[in-house]
Amino acid sequence: MDGDNSLDYPQGEVRHHHKFYLATGDVLFQVEKALFKIHRHFLAQYSPVLEGLFELPSEQNTPFVREEQPISIQGDSYRGWEALLALFYRENHVEAQMIPWDDAIALIPIAHKYCMQALEISTLKRIKTEMRRPEASKEKFVDVIRISKLLDLFSLFFEAASRLADRADKLSYEDAQKIGLFAFYVITGFSSRVCQACRELNIPRVCSGCKKLSRPIGLYNIEIPADWRI
């Protein structure tokens with residue numbers, strides 16, 4: 001089971017995770033091709049959903065550590081679990097914790113799915129702060145749009161879409177595939193409302209013709225479909 005040493009866990013054989021397979025762990029589960037063996041105390045402490053998932057059967061008095069029959073978790077990414085477990089098993093417990101962007105994006109779906117409300121709120125705050133920085137990249141806005149659809153947060157979606165429309169660099173075909181048809185429609189709609197002079201100066205929402213972009217969503221004449229997250 002450990003023959004493949006690749007860290008690309010969506011591929012290859014099922015194998016021990018290189019970092020989060022702990023000898024003293026009392027719960028064993030599989031996400032994609034990665035086997036995680038950790039302490040369920042952390043999961044039970046932060047998530048009532050996981051507390052129930054990893055609850056021991058009443059007729060047994062031994063932990064879930066059977067190598068031949070790990071708990072299989074479907075629909076999650078191993079990157080999300082890596083980001084989550086990195087918070088619990090920090091190498092430096094003194095240094096202030098700042099979740100890297102990629103970890104925050106991977107972590108949000110896990111925190112949301114398993115009702116880790118405090119963790120979801122703090123991670124979402126981190127994402128919003130980073131998105132609002134002047135130097136935020138196009139890729140970060142694309143990430144936020146994807147996350148806002150997952151969390152059903154239209155206000156976050158709307159903010160990210162409008163900020164993305166302000167940028168001079170255009171969306172690629174791959175970007176459009178990631179954010180979906182409605183998001184692409186909204187962004188192109190925003191862009192068309194910016195006058196040519198402001199667009200050339202890369203300073204939209206300045207002239208009188210562009211000020212309407214600062215109005216509430218109801219004045220954009222954009223119909224919000226029920227399936228806007230698709």
Side-chain angles (χ1 to χ4, degrees), residues 4 6-12 14-22 25 27-40 42-47 49-50 53-54 70-93 95-133 135-153 156-157 159-160 163-164 172 174-175 177-180 183 229-230:
D4 190 342
S6 170
L7 303 186
D8 185 15
Y9 291 103
Q11 307 295 328
V14 176
R15 56 202 180 277
H16 296 176
H17 191 270
H18 65 284
K19 186 175 182 180
F20 299 116
Y21 189 94
L22 310 177
V27 64
L28 177 68
F29 59 95
Q30 177 184 338
V31 182
E32 296 186 272
K33 301 297 184 180
L35 281 176
F36 294 92
K37 185 180 179 183
I38 55 143
H39 304 95
R40 63 192 181 98
F42 293 113
L43 303 179
Q45 181 179 4
Y46 288 94
S47 168
V49 176
L50 291 174
L53 177 64
F54 294 137
I71 299 171
S72 178
I73 297 181
Q74 304 295 323
D76 293 355
S77 73
Y78 81 91
R79 278 288 292 114
W81 278 93
E82 282 182 340
L84 175 63
L85 296 176
L87 296 178
F88 299 149
Y89 298 100
R90 284 184 283 177
E91 295 180 357
N92 189 335
H93 289 269
E95 186 177 283
Q97 180 72 14
M98 175 59 77
I99 305 176
W101 177 265
D102 289 343
D103 284 0
I105 294 299
L107 177 59
I108 273 286
I110 301 296
H112 181 71
K113 178 178 179 179
Y114 297 110
C115 301
M116 299 179 174
Q117 293 183 349
L119 184 57
E120 181 178 337
I121 290 171
S122 63
T123 307
L124 191 57
K125 181 179 179 180
R126 157 86 173 94
I127 289 172
K128 288 179 178 179
T129 299
E130 188 67 24
M131 177 190 69
R132 290 165 181 165
R133 296 183 186 276
E135 66 274 15
S137 66
K138 178 186 71 172
E139 290 72 23
K140 289 185 176 180
F141 291 114
V142 170
D143 284 340
V144 172
I145 288 175
R146 289 173 44 241
I147 291 302
S148 67
K149 292 162 69 175
L150 171 72
L151 304 181
D152 198 13
L153 293 176
L156 180 62
F157 166 87
E159 179 181 354
R163 289 176 181 271
L164 188 53
S172 66
E174 290 74 19
D175 293 331
Q177 285 183 310
K178 290 178 181 178
I179 63 177
R229 293 187 293 167
I230 297 177

Testing the basics here: between L107 and G80, what is the closest heavy-atom pair and its distance to 0.1 Å? CD1-O, 4.2 Å
Close side-chain approach of L119 and L84, heavy atoms under 4.5 Å: yes
I'd like to know whether D102 forms a side-chain contact (heavy atoms from CB on, under 4.5 Å) with R79, so could you lay out the CA-CA distance, the side-chain angles of the two residues, the decisive distance to 0.1 Å, and finally the verdict. CA-CA 9 Å; D102 289 343; R79 278 288 292 114; 3.9 Å; yes
Is there a side-chain contact between L35 and F29 in this structure, where contact means two heavy atoms from C-beta onward sitting under 4.5 Å apart? no
How about L151 and L124: do any of their side-chain heavy atoms sit closer than 4.5 Å? yes
Please check if atom OH in Y46 has more than 12 non-hydrogen atoms from other residues, nucleotides or ligands closer than 6.0 Å. no
Please name the pair of heavy atoms, one in E32 and one in D76, separated by the smallest distance, quoted to 0.1 Å. CG-O, 3.9 Å
When rounded to the nearest 0.5 Å, the distance separating CG of D8 from OH of Y78 is 5.5 Å
Enter the distance from L87:CG to M116:CE here, rounded to the nearest 0.5 Å. 9.5 Å
Taking C-beta and beyond as the side chain, do Y9 and H18 meet within less than 4.5 Å on heavy atoms? yes
Between CD1 of I105 and CG of D143, what distance do you get to the nearest 0.5 Å? 4.5 Å
Student check: side-chain heavy atoms of V144 and R163 closer than 4.5 Å: no
If you count every heavy atom of other residues, nucleotides or ligands that lies below 6.0 Å from Q177 atom CD, does the total exceed 12? yes
If every non-hydrogen atom of S172 is compared with every non-hydrogen atom of K138, which pair is closest and at what distance? N-NZ, 4.2 Å
Is the ring pair F36/W81 parallel, tilted or perpendicular, if the boundaries are 30 and 60 degrees? tilted
Hey, is the main chain of L43 close enough, under 3.5 Å, to the side chain of S47 for a donor-acceptor pair? no
Distance-minimising heavy-atom pair for D103 and A83: O-CB, 3.5 Å
Could you report the tightest heavy-atom contact between A34 and H17, atom names first, then the distance? CB-CD2, 4.2 Å
To the nearest 0.5 angstrom, please state how far the CD atom of Q30 sits from the CZ atom of R15. 10.5 Å
Return the NZ to CG distance between K37 and L22, rounded to the nearest 0.5 Å. 8.5 Å
Looking at side-chain heavy atoms only, is the closest gap between I179 and F141 below 4.5 Å? no
Rounded at 0.5 Å granularity, tell me how far NZ in K140 sits from CD in E135. 7.5 Å
Sidechain N-carboxylate O distance under 4.0 Å for E82, K19: no
Is a donor on one side and an acceptor on the other found under 3.5 Å between the side chain of R126 and the backbone of A104? no
Could you tell me if the side chain of K178 sits less than 4.5 Å from the side chain of R146, heavy atoms only? yes
Would you call the rings of F42 and Y89 parallel, tilted or perpendicular, where under 30° means parallel and over 60° means perpendicular? perpendicular
